[in-house]
Structure formats: C-alpha cells, structure tokens
J.: 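One structure is given below, represented as structure tokens, and several questions about it will come after.
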Number of protein chains: 2
Amino acid sequence: MSRKSAGKPPTETSDSKSARTRERILDAAAHVLSRRGYAGTRLSDVADQAQIQAPAIYYYFSSREVLIEEVMWVGVARLREHVAEALDALPADTTPMERIDAAVEEHLRYQLAISDFATAAIRNAGQVPEDIRTRQLSEEGKYGDIWRALIQDAQKAGELRADLEPRAARMLVLGALNWTTEWWNPRQGSLDVVVRTARSLVRNGLGAPAVQEEGATPPSGTSRTRRAATTTGRTA
Amino acid sequence: MSRKSAGKPPTETSDSKSARTRERILDAAAHVLSRRGYAGTRLSDVADQAQIQAPAIYYYFSSREVLIEEVMWVGVARLREHVAEALDALPADTTPMERIDAAVEEHLRYQLAISDFATAAIRNAGQVPEDIRTRQLSEEGKYGDIWRALIQDAQKAGELRADLEPRAARMLVLGALNWTTEWWNPRQGSLDVVVRTARSLVRNGLGAPAVQEEGATPPSGTSRTRRAATTTGRTA
DNA sequence: GTCTATACTGTGATAGAC
DNA sequence: GTCTATCACAGTATAGAC
C-alpha cells in the first residue's frame, strides 16, 4: 500500500501501454536484482531486459532505490496475498494441520511461479540499505503473522509435537520453502514431486504421528494432488 | 584445495604476523560480503573492518575476485569438513537416522558459529560471476554428497518415509538449516532450542513414525543435549 | 609489509531534443 | 513518452615511497 512513486507516474492500475511498460520494467528489475544483487543491479541492465533505454526508467520510477524497493515489496506482498486468499477459501471445518498443509503447497507453487520476485526479495533481504530493509521487515512480518497463527492454532488443537519451539519451527519450515528458489528448476524434476515431498516433510515434522482421519488427506497420489486438501471441501 | 593466490603470499598456514593479518582480511571480507553482497563489497570497507589500508590487501590477495572467492570457498569447505569429521567420529553401529540427527546438529552449530562465512556463501551463491560460481558449485556438490549418502542410507535401511523424493527431501532439509543464518540471533532465543527443534523436525519429517530404540536418542532434554547422539558412543 | 598518491573505468542521474 | 549527451562521483588497481 501507498507506493511512494515520484510525481508523474501514469494512471496506476490502468491497462494502458504506459502501465504495461511499467510492469515490464518491474519484471526486468526483478530479473536483474535476483541474479546481480542490490549493489550489482544497474539500470542499464534493467533497461536492456525491458527493451527500453535506461533514462526512460526515470519516467516511471523516481529513483533506482524506489524501483528496487517496489520489486522487493512485490516479492513478499503478492505471496502473502496469495496464501491468505487460499487459506480463506478453505472450508470452516479444516483442521489446523490441514491448513498448514495447504499453506505449504500454495506458498511453494506461487513462489516458484513468480520466482524472480521471490528470489530477489529473499536473496537481497539482508543486503539492502537500512531504510528499505526496515519497510521490508514490516511486510515480511505480516506474512510471518499468517504462519504464526497457523502454528499456534495447531498447537492449541494439540496437533503440534510438544518438543517443538513454535518460532524456531516456523522459521525452519519457511526456510525450507524459501530455499527452493535456490535449487528447484522446472527442467529438473516436477513441481508436483517437490510439493508432495514438502507437504509430507512438514506435516510429519510438525505433527503428532499418524491419527489420519478418513479420506481427509491421503498420502497423496502423484500429480493431480494439487488442490486435494485445499479446495476439495469447498462444497462440503 | 589449491587456492590460486598471486605470487608472493607469505608462508601459508604459518602463524606469523603475516598469516594473522591475512586471516583478519579474510574475516573482514566475510563480514562485508555477507551484508553488502558481491557487487557491494568494496575493498575500502574490507580494509576498514580489518584495520588496515585498502592497498595492503593486494599484498595478500592478487585481486578482489580472488579474495571473495576464497571467502565463499571457506564458507562451504569448513562446514563440510566439520560435519564430515563429526560423522566419522560416530560409533559404527549408529543407525542412519541417528547419523542424520547428528549431521543436523553439527551443521547448525558450526554454521551459526562461523555465520559471516556461511551467510556470505549462502547469500551470494547466485550472484557471483560465472567462473567463481562454477568452482563454488563443485565445492557445494561435495557437501551435498555427504547428505545424499546420509539419506540414501536411511532409505536402504527402510527408515525413510516412502512418499519422500530423496533429492527434494535433502534440499528442503538443507534449506531449513541454511536459512537459520537469516533469522537466528544469539540474543533472541538459545541455540539449543533451535537445535532441538530442528532435530525433531527433521527426524520426524523424514523418518517412519516412532519405533524408538531403547536409550538411543531420547526426545532430548534441554541444553546439555549437545553431543548426546554424536560423540557419546565414542567409547562404545 | 604497509602507506600515499593517482590513473582509469563505469554508472546514476539530469537536461533537453524529438 | 522516449532518447542523446553529459556531469559528477565512486571504487579498483598500481606505482613507488618508507
């Protein structure tokens, strides 16, 4: 909310050519930022990637810093919105552990879909200047809150193993998920396999052994697992 | 192995003043590299941190790139050596899952102890130039091999849950561990708690439920857990 | 071994044409 | 809206004093 773009940026959220160019610059910046890092991100490279000339960037973003900050922000904010919506769409009687299961899947699929933004935000979190970092931390905090609640609910329901410290458990799980951008590659193994393994790892890592309800969340098949646990019950 | 340092670097591995200065520069470079990133690492900042003047760096390292590459290399290599030695010290009858348990603990404790080097290697893995990256990947591969073997052994022994894809499981676990440098802070919760939570998470996440052998690896107490599973059996 | 002084290169940002 | 031209500055690397 309240991106502090310069003074002239064209009618935001419109679908004009201008808005599309702006989005192209943002995509290009995410691409460069994720591979070259904060200090290594040159506007000339962003411009090349976006197929415009460097000075044109200043028409849409008031400075290099503002552009980079928006990329980092988008990386976390879109992920949070996506996961939050998916969780809201779950039926009311979904158990805490099933909700965690769904969050793992949605986080992974979305993060790997917008991997340039996610990777940019992840890799550069600790390398940006203080002022960007402060605002970024508050955005990351919002996403962390979602997971804090998920785990707290599981704990209250007695579904969380007792020897786990909630904060450490949460960060370890998020670490496992975030790290996927560093090694997963669409050409090297299917996404479904990663999702299935991650769900299993997290569910069994956090939860008390077994006690599987009927039909709820079977050990999952292979590919069509997708929205098994998340949207299935929508009609129920 | 075979660091390609310039032409004059003083009698390596000696404990001369020269060798100590070299180590100070390396530490300083790790410090700066982990917070500023590859492109943002300025030799003047490294020099400030090491309490020398910038040009003095060139007496010990032939170029900025060589210095940075050595930092990245040290980050992974020392971790690998540490974990490998700890695993070798385990008694011969240690079960595969107990070995994984020990590896988790050793990885965490060592990584967080040399966090500047580890963080530098982790954050910049995807941002360094192609040639450094290539050599770095081979070093990371060696460490990955250790974990590949650990998980393969567990699989052969039937201790690994069947719905886990070995490679994905390995990378997810390593991600959870690596990511700790991003959030763990000595002043914010004890290391023992993190280690205990991580061990529990991984053991239950990877392994078949329960089937706890007598006395082997109890759910662990609180702090003195340290070398419980790792060195205990040294005499056995 | 370490410092002072300096050459050289590359990049962020702006002014102003089209 | 986008480009050409240009400025100012930061940072690597080296030569050479001590």
Side-chain angles (χ1 to χ4, degrees), chain A residues 4-12 14-26 28-29 32-33 35-71 124 127-129 131-132, chain B residues 4-29 31-33 35-71 127-129 131-132:
Chain A
K4 55 162 183 182
S5 25
K8 24 181 179 176
T11 57
E12 295 204 23
S14 108
D15 196 34
S16 58
K17 182 187 175 192
S18 191
R20 275 183 281 116
T21 302
R22 188 178 193 281
E23 194 65 24
R24 240 185 28 242
I25 295 175
L26 215 49
V32 176
L33 183 59
R35 303 154 212 248
R36 292 279 186 274
Y38 174 74
T41 295
R42 295 174 297 208
L43 293 184
S44 54
D45 289 345
V46 174
D48 286 351
Q49 184 72 23
Q51 292 181 302
I52 54 169
Q53 295 298 317
I57 293 174
Y58 284 93
Y59 180 79
Y60 298 94
F61 300 90
S62 62
S63 73
R64 175 179 178 274
E65 252 202 26
V66 166
L67 168 60
I68 289 179
E69 176 165 358
E70 182 156 337
V71 170
N124 295 290
Q127 300 185 350
V128 292
D131 56 329
I132 295 187
Chain B
K4 54 161 186 183
S5 26
K8 27 182 177 175
T11 55
E12 296 205 23
T13 60
S14 108
D15 196 36
S16 59
K17 181 189 176 193
S18 191
R20 274 183 281 115
T21 303
R22 188 179 194 281
E23 193 64 25
R24 238 180 35 238
I25 295 174
L26 215 50
D27 286 345
H31 182 86
V32 176
L33 183 59
R35 296 148 219 254
R36 293 281 186 273
Y38 173 75
T41 295
R42 296 175 294 209
L43 293 183
S44 54
D45 290 346
V46 174
D48 287 351
Q49 183 73 23
Q51 292 181 301
I52 55 167
Q53 296 297 318
I57 294 174
Y58 284 91
Y59 180 77
Y60 300 93
F61 299 90
S62 62
S63 73
R64 174 181 179 275
E65 252 202 24
V66 166
L67 168 59
I68 289 179
E69 177 166 358
E70 182 157 335
V71 171
Q127 300 185 350
V128 292
D131 55 329
I132 295 188

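Bear in mind that the values here come from a model prediction, so they are computed numbers and not experimental data. Just so it is clear, the values below take in all heavy atoms, side chains as well, and ignore hydrogens, waters and symmetry mates. Per chain, numbering begins at 1; letters A, B, ... match sequence-line order.
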J.: Once you build an axis from the first five pairs and another from the last five of the helix from C:dG1-D:dC18 to C:dC18-D:dG1, how far apart in angle are they, to 10 degrees?
T.: 10°

J.: Tell me, which of residues 38-53 of chain A have any heavy atom that sits under 4.0 Å from an atom in DNA chain C?
T.: A:Thr41, A:Arg42, A:Leu43

J.: B:Leu67 CG to D:dA13 C1': how many Å, rounded?
T.: 14 Å

J.: Are A:Leu67 and A:Arg64 close enough that some pair of their side-chain heavy atoms sits under 4.5 Å apart?
T.: no

J.: Go through the structure and list residues passing side chain to side chain donor-acceptor pair (under 3.5 Å) with A:Glu65, not counting sequence neighbours.
T.: none

J.: Verify side chain to side chain contact (heavy atoms under 4.5 Å, CB included) between B:Glu69 and B:Val128, making sure each step is shown before the conclusion.
T.: CA-CA 9 Å; B:Glu69 177 166 358; B:Val128 292; over 6 Å; no

J.: Between atom CZ in A:Phe61 and atom P in D:dT2, what is the gap in whole Å?
T.: 12 Å

J.: Pairs under 3.5 angstrom only: tabulate donor-acceptor contacts from the side chains of residues 43-57 of chain B to other protein residues two or more places apart or in another chain.
T.:
unit_1, atom_1, unit_2, atom_2, d
B:Asp45, OD2, B:Arg42, NE, 3.0
B:Asp45, OD2, B:Arg42, NH2, 2.9

J.: Is the shortest side-chain heavy-atom distance between A:Arg22 and A:Phe61 below 4.5 Å?
T.: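 They are in side-chain contact.
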
J.: Give every pair of a protein N or O atom and an N or O atom of nucleotides 7-9 of chain D that lie under 3.5 Å apart, one pair per line with the distance.
T.:
none

J.: Compare side-chain N and O positions of B:Tyr59 against OP1 and OP2 of C:dT2 and report whether any pair is under 4.0 Å apart.
T.: no

J.: Measure all distances between protein nitrogen or oxygen atoms and nitrogen or oxygen atoms of nucleotides 14-18 of chain D, and list the pairs falling under 3.5 Å.
T.:
none

J.: Can you measure B:Arg64 atom CZ to C:dT9 atom C1' for me and round it to whole angstrom units?
T.: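 Answer to the nearest Å: 14 Å.
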
J.: Any side-chain heavy atom of B:Arg24 sitting closer than 4.5 Å to one from B:Asp27?
T.: no

J.: Could you state the interatomic distance from CD1 (B:Ile68) to CD (B:Glu70), rounded to the nearest 0.5 Å?
T.: 12.0 Å

J.: With sequence neighbours excluded, tell me which residues meet salt bridge (charged side-chain N to carboxylate O under 4.0 Å, His left out) with B:Arg35.
T.: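 B:Arg35: salt bridge (charged side-chain N to carboxylate O under 4.0 Å, His left out) contacts with B:Asp116.
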
